[in-house]
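Here the structure is laid out as structure tokens; the discussion comes afterwards.
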Amino acid sequence: MTARIFGVRMNKQGDDHDYMEFDLVEDVYYVSIYRPKRIGDGIFVFHTKYGAYHWINTLAGARKLWAKYGFAALDSVNVVNLNKIVGVNLEKMRVYFEDGSFTTVSYKKLGLVEHLLKWNRK
């Protein structure tokens, strides 16, 4: 099994390489720390043949890179693994997971989950 990492280019250029998925062993040359304020914690940076990247840290990045793995934005505040949903409550506009946790789903995104098992959970 290969280790996959997801990154956003340090200096975005508006092309297909701004958000990338990498194979840790094959694509990463080295890692470093970038400290823009020279104090406190730095930003972990991995250097590749495509340039310098840091971990994705936005929902937009997660939505773009993880879509092929079954993730989708169900609301403006989440990106959800659709394969892990065990229940949908249309009245409360929520999707549920096996441990009882839940997140919201917007009306516009109901089409992505309404075919799943529906049940009422308080």
Side-chain angles (χ1 to χ4, degrees):
M1 178 200 263
T2 64
R4 307 299 289 172
I5 55 176
F6 303 90
V8 58
R9 193 180 329 196
M10 294 284 294
N11 298 309
K12 289 185 190 175
Q13 298 177 11
D15 61 21
D16 288 342
H17 295 291
D18 279 351
Y19 293 93
M20 296 274 296
E21 178 180 355
F22 299 98
D23 179 293
L24 179 64
V25 175
E26 295 295 323
D27 297 328
V28 176
Y29 296 148
Y30 69 99
V31 296
S32 64
I33 296 293
Y34 170 64
R35 286 192 176 85
K37 296 182 181 179
R38 303 214 189 274
I39 57 171
D41 293 336
I43 299 169
F44 186 80
V45 178
F46 44 98
H47 300 264
T48 75
K49 62 184 174 184
Y50 301 103
Y53 288 76
H54 59 84
W55 304 113
I56 58 168
N57 58 2
T58 64
L59 288 174
R63 182 178 61 244
K64 181 174 180 133
L65 288 173
W66 299 351
K68 65 183 171 185
Y69 297 106
F71 286 77
L74 295 184
D75 207 340
S76 61
V77 297
N78 63 36
V79 175
V80 178
N81 185 343
L82 300 177
N83 299 308
K84 296 295 184 177
I85 296 172
V86 298
V88 178
N89 184 317
L90 297 176
E91 291 177 16
K92 293 187 177 185
M93 304 294 286
R94 293 179 179 170
V95 295
Y96 291 85
F97 305 94
E98 66 183 31
D99 66 352
S101 64
F102 62 88
T103 191
T104 55
V105 57
S106 71
Y107 181 76
K108 290 180 180 180
K109 300 292 183 154
L110 277 177
L112 294 174
V113 298
E114 63 187 357
H115 67 284
L116 300 172
L117 175 67
K118 296 172 183 64
W119 47 279
N120 287 323
R121 185 176 182 122
K122 298 191 190 269

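Position 1 is the first residue of the sequence, and the numbers go up from there. These numbers come from a predicted model, not from an experiment.
Each of Val79, Leu110, Val80 was scored for a side-chain contact (heavy atoms from CB on, under 4.5 Å) with Leu74, with one residue passing: Val80.
In this structure, the salt bridge (Lys or Arg N to Asp or Glu O under 4.0 Å) partners of Asp15, at least two apart in sequence or on a different chain, are Arg9. Shown here are the side-chain hydrogen bond (donor to acceptor under 3.5 Å, both in side chains) partners of Tyr50, two or more places apart in sequence or in another chain: there are none. Under the rule for a side-chain hydrogen bond (donor to acceptor under 3.5 Å, both in side chains), Ser106 has no partner lying at least two apart in sequence or in another chain. For Tyr30, the ring pair (Phe, Tyr, Trp, His ring centres under 6.0 Å) partners at least two apart in sequence or on another chain are His47. The side chain to side chain contact (heavy atoms under 4.5 Å, CB included) check on Asn81 picks up Phe71, Asn83, Lys84, with sequence neighbours excluded. Partners of Lys108 under the side-chain hydrogen bond (donor to acceptor under 3.5 Å, both in side chains) rule, at least two apart in sequence or in another chain, do not exist in this structure. In this structure Ala72 satisfies the side chain to side chain contact (heavy atoms under 4.5 Å, CB included) test together with Leu82, Leu112, sequence neighbours excluded. By the side chain to side chain contact (heavy atoms under 4.5 Å, CB included) test, Val25 is found to be paired with Asp23, residues two or more places apart in sequence or in another chain being considered. Judged as a side-chain hydrogen bond (donor to acceptor under 3.5 Å, both in side chains), and not counting sequence neighbours, the contacts of Lys68 are Glu21.
To the nearest 0.5 Å, the span separating OH on Tyr19 from CZ on Arg63 amounts to 9.0 Å. Atom NZ of Lys92 sits about 12.5 Å away from atom CG of Leu90, to the nearest 0.5 Å. Residue Phe46 holds its CZ atom at 13.5 Å from OH of Tyr29, rounded to the nearest 0.5 Å.
At a threshold of 4.5 Å between non-hydrogen side-chain atoms, the residues Val95 and Phe102 do not count as touching. Contact annotation: the side chain of Tyr96 never approaches that of Ile85 to less than 4.5 Å [non-hydrogen atoms, C-beta and beyond]. Met93 places none of its side-chain heavy atoms less than 4.5 Å from the side chain of Thr104.
Residues Val8 and Phe6 fall within the same hydrophobic cluster, defined by Ile, Leu, Val, Met, Phe, Trp and Tyr side chains chained together at heavy-atom separations under 4.5 Å. The hydrophobic cluster containing Val28 does not contain Met10, counting ILVMFWY residues as joined when their side-chain heavy atoms lie under 4.5 angstrom apart, directly or transitively. Val45 and Val31 fall into different hydrophobic clusters, where Ile, Leu, Val, Met, Phe, Trp and Tyr residues are linked whenever their side-chain heavy atoms come under 4.5 Å apart, directly or through other members. Hydrophobic clustering (ILVMFWY, side-chain heavy atoms < 4.5 Å, transitive): Ile43 and Ile5 are in distinct clusters. Hydrophobic clustering (side-chain heavy atoms under 4.5 Å, transitive across Ile, Leu, Val, Met, Phe, Trp, Tyr) groups Leu65 together with Tyr69.
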Just list the side-chain donor-acceptor pairs under 3.5 Å for residues 52-59, sequence neighbours left out, or say none.
residue: Tyr53; atom: OH; partner: His17; partner atom: O; Å: 2.5
residue: Thr58; atom: OG1; partner: Gly61; partner atom: N; Å: 3.0

CA sep, side-chain torsions, deciding dist, call: Thr103, Asp75, side chain to side chain contact (heavy atoms under 4.5 Å, CB included): CA-CA 9 Å; Thr103 191; Asp75 207 340; over 6 Å; no
